[in-house]
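So that the names make sense, note that chain A is the first sequence line, chain B the second, and so on, each numbered from 1. Values in this document were obtained by computation on a predicted structure and should not be read as measured data.
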Amino acid sequence: MNIANSQEEGELRLYQLTSHEAHELLWKREISALELTEAVLGRIAQVEEQIHAFVTVTEDLALMQAREADERIRAGDASPLVGIPTMIKDNICTKGIATTCSSRMLENFVPPYDATVMQRLNRERAVIVGKGNMDEFAMGSSNEHSAFFPTRNPWDRERVPGGSSGGPAVAVATDEVIYALGSDTGGSIRQPAGFCNVVGLKPTYGRVSRYGLVAFASSLDQIGPLTKDVTDCALVMNAIACYDPRDSTSVPQPTPDYTKSLIPELKGLRLGIPKEYFVRGMEAGVEQVIWDAIAKLEQLGAEVEETSLPHTRYALAAYYIIAPSEASANLARYDGVKYGFSASDAESMWDAMDKTRQYGFGPEVKRRIILGTYALSAGYYDAYYLKAQKVRTLIRREFEQAFERFDALVTPTSPTVPFKLGEKVEDPLQMYLSDVCTLPINIAGIPGLSIPAGFSDGLPVGMQILGKPFSEETLIRIGFAYEQATDWHKRRPPL
Amino acid sequence: MKLSREDVEHIAFLARLGLSEEEIERFREQLSNILENFEVLQEIDTADVQPTAHVIALDSVVRDDEVLPSWPQNEVLENAPQAEDGYFRVRAVLE
């Protein structure tokens, strides 16, 4: 490898490395963690103004952690993520570092504790470069609902990066960090990963601890990695997946070594293509890319067969009842008393609470609080929330039945390429429809991986691979085999 | 389902969420449209279906009743909008 920190044409620069490439060079002492971190910080200085992926850059902390990592490497620490710079989505609690959820409500909130995933990364001596911009409280599909600024898609800065983990997806796509952590409630890792040409995994519900993840919809939320390739996805999963007694929904199941699934062929694997995911309104260019990708999987030895999941059409409605209902309960805690924004221009306790929430929350959060409160309110609970929870059972069963016949299902990640800023922000239902291929997966609690599958009109298209609960290894194997046979994931936006 | 202005005001009251006049009208319109689309769920017969609360069936999760250290009070209060003598300071509840 021809490594250089200079700006000369054609040379690989340090910030362009994947985690596994950087690890190898760190271990051989060809580079130091400090050099790598300085290269990443230089890249941020070079491109951040054009894309706005960060809410906070923690430069001093990163340099300190890089020096510590170098000491550990000298002492023989071979952890795969030691000294590798990362971005953390700003809804994951980082002790002593502001965790804003891109909301006015938490603009000045500095957590007194680390999320479990942060304890795991800190134990590996990862280098934290900063916190990633997102749709406020993870509610949105475009990053336009950040209370601070929208993140731009690096492939076309007039377009959205997807959301809600838009900052993490863009930071990885533009080499501002080597990898990132996001969260996914209805597609918030996979959809921006697809829109930005990076790899994103939503693990099985209960696979990664939610302790320290600011709650949006507790029965749907999961933390997961955004990476430059599938190998890195496996490495980050090895670091963050664990049983955690502090998250009562965490599942006590041993964590496999995901790197053992990096096998470049698919012989004997049965893949189902659910026709309902090729929805009306899907762009022809996207559909073409996905069918080409499926043909490639077949060439690699997989057996491919079309199938049907008829309840898919009810997933959107069920999701947008369940998620806002849970959100309305979770966000009741923001009362201006314990932490967060507090309105000072109020006359009484109730007035203070009304105003705190009026000024502290943005429009999408308010919309969902109202929707959720309505769905849970007396007289409507049975018709909306209970009905949606029953439909959830039907959707889950349908997946279970499909996985009796198939090792995995393959779909597009999104029905369209990235849309333009402003295109959907005033039309919430249209915005919600952009998650139509990703949200059934959260409803069923199963894992979903989005990988770069090609381009339509110069814009990235993601392919989504789904499996039964705790089948991340199968998804990683399929993603890895596809990646070995293609080079879409190596394309970087012109910045 | 068409929401009325009063519906929106009532829900906002339940959620303790202050809304401007303009927000009430905008949300009334948008949420009516969204709820109308949700009526699709009524097509499905769910009479004999149990609701799913959690997707991975777990037994009741309990732990031993052990005393563990809590966070230091001063650290927890550092994010409080108003604190006094180790307490959160609140407005008068009874008037």
Side-chain angles (χ1 to χ4, degrees), chain A residues 108-110 112-113 204-206 219 245 248-249 251 311 313-314 317-318 320-321 328 332 335-342 346 348-350 352-355 357-358 361 363 366-367 369-371 373-374 377 383-384 386-394 396 428-429 432 443-446 469, chain B residues 1 3 7-8 10-20 23-24 26-28 30-31 33-44 46-58 60-63 71-72 74-82 88-95:
Chain A
N108 298 311
F109 174 63
V110 179
Y113 71 107
T204 307
Y205 183 77
S219 79
S248 64
T249 60
V251 179
H311 282 95
R313 61 185 295 247
Y314 303 111
Y320 277 102
I321 292 168
S328 74
D335 55 7
V337 172
K338 298 179 290 297
Y339 52 89
F341 174 76
S342 185
S348 67
M349 183 189 72
W350 293 123
M353 223 174 270
D354 275 355
K355 284 184 170 150
R357 293 162 66 79
Q358 178 167 14
F361 291 137
K366 288 178 184 169
R367 201 148 39 225
I369 288 174
I370 294 175
L371 190 55
T373 306
Y374 178 77
S377 65
Y384 289 104
L386 189 63
K387 185 82 182 178
Q389 290 287 67
K390 288 179 171 182
V391 172
R392 184 176 200 178
T393 303
L394 297 175
R396 184 168 57 82
L429 200 60
Y432 299 168
I443 287 182
I446 60 176
Chain B
M1 182 72 198
L3 289 182
D7 289 332
V8 177
H10 176 65
I11 304 160
F13 165 75
L14 293 175
R16 303 290 170 200
L17 181 61
L19 295 178
S20 68
E23 282 175 319
I24 292 172
R26 184 150 39 95
F27 290 150
R28 190 193 65 72
Q30 290 173 338
L31 295 171
N33 181 25
I34 290 167
L35 289 169
E36 229 168 78
N37 275 273
F38 289 178
E39 277 166 21
V40 66
L41 293 185
Q42 306 309 326
E43 289 173 12
I44 319 171
T46 51
D48 300 321
V49 180
Q50 291 294 311
T52 293
H54 281 285
V55 282
I56 310 297
L58 289 174
S60 291
V61 179
V62 293
R63 61 167 176 81
W71 292 333
N74 60 327
E75 282 182 29
V76 172
L77 286 169
E78 256 170 40
N79 279 295
Q82 290 189 72
F88 292 107
R89 193 183 153 88
V90 297
R91 289 168 190 270
V93 178
L94 301 173
E95 284 162 17

Do you know which of [options] has the most heavy-atom pairs with chain B at a distance under 4.5 angstrom?
| options | value |
| --- | --- |
| A:S342, A:G445, A:S219, A:A317 | A:A317 |
| A:I321, A:T204, A:I369 | A:I321 |
| A:M353, A:K355, A:K338 | A:K338 |
| A:P469, A:A444, A:P245 | A:A444 |
| A:I446, A:I443, A:L394 | A:L394 |

Hey, could you give me the [atom1]/[atom2] distance between [X] and [Y], rounded to the nearest 0.5 Å?
| X | Y | atom1 | atom2 | result |
| --- | --- | --- | --- | --- |
| B:E23 | A:R367 | CD | CZ | 10.0 Å |
| B:N37 | A:Y320 | CG | OH | 12.5 Å |
| B:F13 | A:W350 | CZ | CH2 | 7.5 Å |

Segment of [X] engaging chain B (4.5 angstrom heavy-atom cut-off):
| X | answer |
| --- | --- |
| A:R396 | side chain |
| A:A332 | neither |
| A:D335 | neither |
| A:Y384 | side chain |

Any side-chain heavy-atom pair from [X] and [Y] closer than 4.5 angstrom?
| X | Y | answer |
| --- | --- | --- |
| A:F361 | B:L17 | yes |
| A:V391 | B:V49 | no |
| B:V40 | A:R313 | yes |

Kindly give the heavy-atom pair with the smallest separation between [X] and [Y], and that separation in Å.
| X | Y | value |
| --- | --- | --- |
| B:I11 | A:I370 | CG2-O, 3.4 Å |
| A:S377 | B:L14 | CB-CD1, 4.2 Å |
| B:R91 | A:A346 | NH1-O, 3.1 Å |
| A:K366 | B:L19 | CD-CD2, 4.1 Å |
| B:T52 | A:T393 | OG1-OG1, 2.6 Å |
| B:I44 | A:K387 | O-NZ, 2.7 Å |

With sequence neighbours excluded, tell me which residues meet side-chain contact (heavy atoms from CB on, under 4.5 Å) with A:L386.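 Checked A:L386 against side-chain contact (heavy atoms from CB on, under 4.5 Å); matches are A:Y381, A:D382, A:K390, B:P51.
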By side-chain contact (heavy atoms from CB on, under 4.5 Å) - contacts of B:E75 (at least two apart): A:P112, B:P72
Verify, without hydrogens or angle tests, whether B:N79 (side chain) and A:V110 (backbone) share a donor-acceptor contact under 3.5 angstrom. yes
Does any N or O in the side chain of A:R357 come within less than 3.5 Å of the main-chain N or O of B:R16, such that one atom is a donor and the other an acceptor?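 Yes; judged by distance alone, with no hydrogens or angles, the pair exists.
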Name the region of [X], side chain, backbone, both or neither, that has any atom closer than 4.5 Å to a heavy atom of chain A.
| X | value |
| --- | --- |
| B:E43 | side chain |
| B:L77 | neither |
| B:F88 | side chain |

Under a 4.5 Å heavy-atom cutoff, which of B:A80, B:S20, B:G18 has the most pairs with chain A? B:G18
